[in-house]
Number of protein chains: 2
Amino acid sequence: MAKLSGDDMQQKIMEAAQTLFLEKGYMATSTVDIAKKVGCNQALVHYYFRTKQNLFKQIYLQYVNALMQLGKKNIEQCTSVVDLVHEIIHLYFTFFSQYPNVPYFFVNELIVSSEHRKMVQECFIDNQMRIMLFNQLTQLIRNDIAAGKIRDVNPYALIQNIVSLVLTSFLALPLYNDFISSDEADKQAYLHRREQECEDIILCSLKV
Amino acid sequence: MAKLSGDDMQQKIMEAAQTLFLEKGYMATSTVDIAKKVGCNQALVHYYFRTKQNLFKQIYLQYVNALMQLGKKNIEQCTSVVDLVHEIIHLYFTFFSQYPNVPYFFVNELIVSSEHRKMVQECFIDNQMRIMLFNQLTQLIRNDIAAGKIRDVNPYALIQNIVSLVLTSFLALPLYNDFISSDEADKQAYLHRREQECEDIILCSLKV
DNA sequence: CTTTAATTTAATAGGGTTATTAAATAAGTA
DNA sequence: TACTTATTTAATAACCCTATTAAATTAAAG
């Protein structure tokens, strides 16, 4: 393989790993697969990242970060819960439409592997941003409840409901593909419909 | 190992495999693991089931069936959508509380493996019962809409929303365990809360 | 142009995996 | 009891996996 400046190769390996981890999950992806995709020797993957777990960690945390930033930008601009729900659902759908495997990736790795869960936990717990975001959301909810704009809801439950509905819309994509239609346009239409449905159902649950 | 009458051994292997597949998923479970759990030779697993995939299939279809039966019994007894929503959510929560890994098992295998998806597809497509159940649900919805008892909803969307909210309540259990509380009573309380929340949110979305 | 450091490779150790074999053991039957 | 069939085992073939090694190659610096 033509030698690249080290950073380039590292980058290429990460990208290939990303694609494969997203497609098949951690377990089903081998460092040999990754090297094959890049077109380099398998030992090179270990040269740059030492272990497979390490390589995974870097990729995983990138996504955790990207999603956090998404939430952050969003919550700072919204002044009402209804607004926030609309924006956050739209943002998630836009993001995940670009990377439709990310939801599966997250669900799978968070649920299947206590090790991976710990990884995320480490970067979340005592994480200033997480606490800040949650507090801002709580405050926003309290204000709207006091103003009689929404009914009394638990912030955790609200988050869980939104995340559930959004994630499963994407988790169901392979099923939609196999059972209903494999036409790309149909899948796009399905996602648009789901975005509306998710928003509707959450907003319904907030009505006084 | 003391020799058992063949059926007993087959049964024991299936049960061990079930436990392990549910706990760790298909990929992470080896036939060696299964044999170890049973306390028999690994070749015996292959003697009875020939391949690991085969063993998995039998277990998987058992659950598909169990969940179908659950739905069937339920839909036949309900006369209104609101009734049905209440009953089905309760039934799912009761069932999954007994087997809290089943939701993960399903989601994971359906999403990760197109082969496993095909397996389910084969037993679903052209499946009389599935069609019947869906038709009954559609009829029930139509009646209630006509009677002004619920607003116009798409049956598919309703099903997806219910399944989403229920499944993710269980998918989130490991997270709840690690991030919030590992106390068994707390987890039970969480599930009870979720059951109520799922019902509430769905019923809200049905209000005229 | 040579030395040095970074990159890449081939080779391999030390695991683990599924699946198949033939041989051993037990149970059932005539 | 002797033959037959069903179970169970040990052994092993034929893979794939991660990670490490030392050697080869290339790029950069003096």
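Each chain gets a letter, A, B and so on, in the order the sequences are listed, and its residues count up from 1.
Checking each of Y99(A), F105(A), Y26(A) against F21(A) for a ring-ring contact (aromatic ring centres under 6.0 Å, His included) leaves exactly one that passes, namely Y26(A).
Looking only at atom types and distance, the side chain of N135(B) has no donor-acceptor partner in the side chain of Q139(B) under 3.5 Å away.
Straight-line distance from the NZ atom of K36(B) to the P atom of dT9(D): 15 Å, rounded to whole Å. If you take CZ of R50(A) and C1' of dT18(D), they are 12 Å apart, rounded to a whole angstrom. Rounded to whole Å, atom P of dA19(C) lies 15 Å from atom CG of L44(B). Following rounding to the nearest Å, I13(B) (CD1) and dT7(D) (C1') show an atom-to-atom distance of 11 Å. Regarding K52(A), its NZ atom lies at a distance of 19 Å from the P atom of dG15(C), rounded to whole Å. Counting to the nearest Å, the P atom of dT8(C) and the CZ atom of F49(A) are 12 Å from each other. Taking atom CG of L20(B) as the reference point, atom P of dT17(C) lies 12 Å away to the nearest angstrom. Rounded to an integer number of Å, the gap from N41(B) CG to dT17(C) P is 14 Å.
Phosphate contact (OP1/OP2 of dT18(C), side-chain N/O of H46(B), threshold under 4.0 Å): absent. S30(B) has a side-chain polar atom (N or O) that falls below the 4.0 Å cut-off from OP1 or OP2 of dT17(C). Distances shorter than 4.0 Å separate none of the side-chain N or O atoms of Y47(B) from OP1 or OP2 on dA6(D).
For K12(A) and E15(A), the salt-bridge test fails: no basic side-chain N is under 4.0 Å from an acidic carboxylate O. Salt bridge K118(B)/E115(B): absent, no basic N to carboxylate O contact under 4.0 Å.
When each of dC17(D), dT8(D), dT7(C) is scored by its nearest atom to the side-chain atoms of Y48(A), the top-ranked nucleotide is dT7(C). Closest to the T51(B) side chain, of the nucleotides dT18(C), dT20(C), dA19(C), is dA19(C). Checking dT8(C), dA10(C), dC17(D) against the side-chain heavy atoms of D33(A) singles out dC17(D) as nearest.
No donor-acceptor pair closer than 3.5 Å links the side chain of T168(A) to the backbone N or O of L171(A).
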Each nucleotide N or O in nucleotides 12-14 of chain C that has a protein N or O under 3.5 Å away: list the pair and distance.
none

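Shown here is K57(B), whose NZ atom has no more than 12 heavy atoms of other residues, nucleotides or ligands within 6.0 Å.
The shortest distance between side-chain heavy atoms of F56(B) and T29(B) does not fall below 4.5 Å.
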